[in-house]
Amino acid sequence: MHELGIMFNVVRSVENFAKENGITVIDTLVLQIGELSPVIPRFVEACYPAAIDGTMLENTKLEIEVLPGNAICTSCDKVFNLIQCKNECPVCGSREWEVLGGREFLIKEIVAY
Amino acid sequence: MKTFKVLEIKESVFEDNNQRADLLRQELKEKKTFLLNLMSSPGSGKTTTVLRTIEALKDEMNIGILEADIDSDVDAQAVAQTGTKVIQLHTGGMCHLDAEMTRQGIEGLGIEDVDFVILENVGNLVCPAEFDTGACKNAMILSVPEGDDKPLKYPLMFSVVDVLLINKIDTIEYFDFDLEAVKERVMKLNPNIKIIPISAKTGEGLEEWANWIRNEVRKWGE
């Protein structure tokens, strides 16, 4: 469980962004988390109240968009979801593939007024 | 009615850490200090290996140690007894170190005239592999009692390190540990890795390990 420490960094980044852009009140923070990233959405949600306590983001809502963990098979070029297919190409059964996406962890946007 | 606006940030949290890590590496290069990030699971003999490494190299270079632990200063005390400069970093529950924490450690230690720093990371084969600390090279220890299946279970860790020390090699006859199988599994994940079997207890393999460090410290300082 390393989500809390990571979320402290996220909160710090967002506070800096808000200050630079003259924003005083934030309503919602939107994160994008890849299925293959080492950050687990439900743990992020669980520690969010602790991470924002006493910061500019206190009382904000959190939204998480999950990005799919997709790969392309190096044998037959099939694009497939690594989690659903359990790391195996559903067409040719190969376990040799390249990750196309899903390792991301992004601060996507904030909703502010 | 309140009017909301959406402000796009599109900032990668890991990218932020990578940039901090690159910056730290640049500073280390300017100061000619070689920082080695040493990772392993708990109980693999990290601290004993660090102590033996200090013993082997302390007469030829200035060494500093960063000890990272969730809590306690047991390891730092053991290192301090050798007279080596040491800082204990408490991660406060965090299971890994990031570049910012490493920078704080480096600043606390002070690296003027220090040639070689070992960062003893938190004992964990998962999270430390994901975060660039800013170290110049990465090493890990796998000890014989842990078993030869670890490269299969923690592939990322074995993929990101430059050196693998296989520790407690003196106990190999008591365990079902297939050294050749480990080498094969690791080379498949990481063809450029250097593998050195050692025993921090008997001293076996430590000269080869010390030579690797000597060479890297020299190259970094050029």
Side-chain angles (χ1 to χ4, degrees), chain A residues 1-34 36-41 43-44 47 50-51 57 60-61 63-65 67 82 87 95-96 99 101-113, chain B residues 1-21 23 39 68-71 89-105 121-134 152-157 159-160 185 188-189 191:
Chain A
M1 167 85 177
H2 50 207
E3 279 74 8
L4 182 58
I6 295 170
M7 286 307 291
F8 282 137
N9 289 340
V10 168
V11 168
R12 196 179 55 196
S13 293
V14 173
E15 282 187 320
N16 287 341
F17 176 87
K19 275 175 206 151
E20 281 164 20
N21 291 278
I23 289 153
T24 49
V25 186
I26 302 171
D27 181 78
T28 307
L29 168 65
V30 186
L31 301 176
Q32 287 180 317
I33 304 180
L36 309 176
S37 112
V39 180
I40 313 296
F43 292 162
V44 172
C47 73
L57 277 79
T60 55
K61 294 189 282 288
E63 267 177 36
I64 296 176
E65 298 174 6
L67 304 176
L82 283 166
N87 297 338
R95 298 183 75 89
E96 308 274 324
V99 172
R103 294 200 204 276
E104 307 84 351
F105 178 36
L106 301 164
I107 304 170
K108 186 191 177 198
E109 63 200 16
I110 51 173
V111 180
Y113 55 92
Chain B
M1 206 178 109
K2 286 169 185 160
T3 45
F4 289 91
K5 55 182 173 180
V6 175
L7 293 117
E8 224 181 61
I9 302 182
K10 275 282 175 199
E11 181 183 311
S12 165
V13 178
F14 295 144
E15 195 45 49
D16 186 48
N17 184 60
N18 291 346
Q19 282 169 6
R20 284 169 202 269
L23 202 67
M39 299 173 281
D69 274 301
I70 286 175
D71 206 347
L89 295 168
H90 280 161
T91 59
M94 281 270 273
C95 46
H96 65 268
L97 278 181
D98 60 22
E100 183 55 31
M101 287 187 263
T102 308
R103 159 184 300 284
Q104 288 170 13
N121 213 313
V122 182
N124 178 344
L125 289 182
V126 186
C127 316
E130 305 271 3
F131 294 86
D132 190 345
T133 57
L152 302 173
K153 296 179 78 170
Y154 304 97
L156 184 65
M157 178 58 82
S159 317
V160 300
R185 284 165 188 164
K188 201 174 165 204
L189 291 166

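Each chain gets a letter, A, B and so on, in the order its sequence line appears, and its residues count up from 1.
With chain A as partner, the option from B:Glu8, B:Glu15, B:Glu100 having the largest number of non-hydrogen pairs under 4.5 angstrom is B:Glu8. Interface remark: of the candidates A:Val111, A:Ile107, A:Leu106, A:Ile107 forms the most heavy-atom pairs closer than 4.5 Å to chain B. Put simply, of B:Asp98, B:Ile9, B:Val126, the one with the most heavy-atom pairs under 4.5 Å next to chain A is B:Ile9. Note: A:Ala112 leads A:Ser37, A:Ala18, A:Ala112 in heavy-atom pairs under 4.5 Å with chain B.
Proximity to chain B is limited to the side chain of A:Val39, based on heavy atoms less than 4.5 angstrom apart. For chain A, no part of B:Asn17 is nearby; none of its heavy atoms comes within less than 4.5 Å.
Using cut-offs of 30° and 60° on the angle between ring planes, the pair B:Phe131 and B:His96 is parallel.
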Inset, instruction - Test side chain to side chain contact (heavy atoms under 4.5 Å, CB included) on B:Asp16 and A:Asn9 and set out the steps. - result: CA-CA 9 Å; B:Asp16 186 48; A:Asn9 289 340; 5.6 Å; no
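Here A:Phe105 contributes atom CZ and B:Glu11 contributes atom CD; the two are 10.5 Å apart, rounded to the nearest 0.5 Å. Atoms CG and CE, on B:Leu189 and B:Met157 in that order, are 12.5 Å from each other to the nearest 0.5 Å.
Heavy atoms of other residues, nucleotides or ligands lying less than 6.0 angstrom from CZ of B:Arg103 number more than 12.
Of residues 19-29 of chain A, those residues with a non-hydrogen atom less than 4.5 Å from any non-hydrogen atom of chain B are, in numerical order, A:Ile23, A:Asp27.
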